[in-house]
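Taking it in order: structure first as structure tokens, then the write-up.
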Amino acid sequence: MLLLSLLAPASADENGARAFARCRACHSLDRAERGLPGPNLSGLIGRTVAGDAEFDYSPVLRKARDEGLRWDTKRLDAFLADPAAMFPGLWMSIRGIEDAAERQALVKFLEGSSSR
Ligand code: HEC
């Protein structure tokens, strides 16, 4: 296994893009893409929680926004590990990502999209 992964190293960005594939049904990183079931995630890192002005968020995320919470890499990592634990009542029903390396790659990928 180790040898295999040495022979075919996948960059963190590729891993992040792969991890994002299952978010893609509900989220876009293209600012112009609208009408998906989830909020637009372009420029997520540094943005306030519930920061897509055109999306109708749940009360728990609106409350977090009103409290001034922002997305940084640490908060996003903890959120992805267990979304509903951070925001009980969240309207996003996916299970958390247990694999820390996969979460990190995904956070990096989303962070990269913030500077695009
Ligand atoms: C089945 C649809 C669906 C999938 C799949 C999904 N989400 Fe979501 N996501 C949502 C919805 C709906 C919300 C808004 C939740 C609310 O208002 O409580 C949301 C909210 C979020 C937020 C907060 C956005 C903000 O503006 O503050 C982040 C970050 C997020 N999702 C990341 C992800 C990531 C990363 C994945 C993939 C691992 C993912 N989501 C998969 C539907 C989804």
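Counting starts at 1 for both ligands and their atoms, following the listed order. Position 1 is the first residue of the sequence; numbering continues from there. FYI, side chains are in, hydrogens and waters are out, and symmetry mates aren't considered; it's all heavy atoms of this structure.
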Item checked: CZ-CG distance between R65 and D52, expressed to the nearest 0.5 angstrom -> 9.5 Å
Item checked: Straight-line distance of Q104 CD to L80 CG, nearest 0.5 Å -> 11.5 Å
Next item on the list: Check ligand 1 against A50 and write out every atom of the ligand that is under 4.0 Å from a heavy-atom position of the residue.
Entry: 25 (C), 26 (O), 27 (O)
Item checked: Validation row: L90, F79 side chains within 4.5 angstrom (heavy atoms) -> yes
Checklist line | Test of proximity, Y57 against ligand 1: N or O pairs below 3.5 Å | finding: yes
Notebook entry, point to check: Considering only heavy atoms of F55, which atoms of ligand 1 have at least one such atom less than 4.0 Å away?
Noted result: 14 (C)
Check: Is I94 linked to V107 within one hydrophobic cluster, defined over Ile, Leu, Val, Met, Phe, Trp and Tyr using a side-chain heavy-atom separation of less than 4.5 Å?
Finding: yes
Checklist line | Separation of D30 CG from L41 CG (nearest 0.5 Å) | finding: 12.0 Å
Note to self: So, 4.0 Å and heavy atoms of F79: is ligand 1 close enough to count as a contact?
What the structure shows: yes
Next item on the list: Can you pull out the closest protein heavy atom to atom 23 (C) of ligand 1? Residue, atom name and distance to 0.1 Å, please.
Entry: W71 CZ2, 3.6 Å
Note to self: Quick test: of every protein heavy atom, which one is nearest to atom 5 (C) of ligand 1, and how far off is it to 0.1 Å?
What the structure shows: R22 O, 3.4 Å
Note to self: Check contact between R62 and ligand 1, using heavy atoms of the residue and a distance below 4.0 angstrom.
What the structure shows: no
Notebook entry, point to check: Applying a strict 4.0 Å limit to heavy atoms, is F87 in contact with ligand 1?
Noted result: no
Item checked: Contact atoms of ligand 1, heavy-atom distance to G51 under 4.0 Å -> 26 (O)
Next item on the list: Please identify which atoms of ligand 1 are closer than 4.0 Å to at least one heavy atom of L61.
Entry: 15 (C), 16 (C), 17 (O), 18 (O)
Item checked: Aromatic plane relationship, W71 with F87 - under 30° parallel, 30 to 60° tilted, over 60° perpendicular -> perpendicular
Next item on the list: Report yes if S58 has an N/O atom closer than 3.5 Å to an N/O atom of ligand 1; otherwise report no.
Entry: yes
Notebook entry, point to check: For ligand 1, is there an N or O atom under 3.5 Å from any N or O atom of T48?
Noted result: no
Next item on the list: Give the residue and atom name of whichever protein heavy atom lies nearest to atom 29 (C) of ligand 1, and the separation in Å to one decimal.
Entry: L44 CD2, 3.6 Å
Next item on the list: Report yes if some N/O of R47 lies less than 3.5 Å from some N/O of ligand 1; otherwise report no.
Entry: yes
Notebook entry, point to check: With side chains defined as the heavy atoms from C-beta onward, is the minimum distance between D72 and R75 less than 4.5 Å?
Noted result: yes
Check: Counting no waters, how many protein N/O/S atoms sit under 2.8 Å from atom 8 (Fe) of ligand 1?
Finding: 2
Item checked: I97 vs R22, side-chain contact (heavy atoms from CB on, under 4.5 Å): CA-CA, chis, key distance, verdict -> CA-CA 11 Å; I97 300 171; R22 67 173 175 166; 2.8 Å; yes
Notebook entry, point to check: What's the shortest distance from atom 12 (C) of ligand 1 to any protein heavy atom, and which residue and atom give it?
Noted result: W91 O, 3.2 Å
Check: Is the shortest heavy-atom distance from the side chain of L29 to the side chain of L44 under 4.5 Å?
Finding: no
Checklist line | Cluster overlap F55 with L36, hydrophobic side-chain contacts below 4.5 Å | finding: no
Item checked: N or O pair under 3.5 Å between A19 and ligand 1 -> no
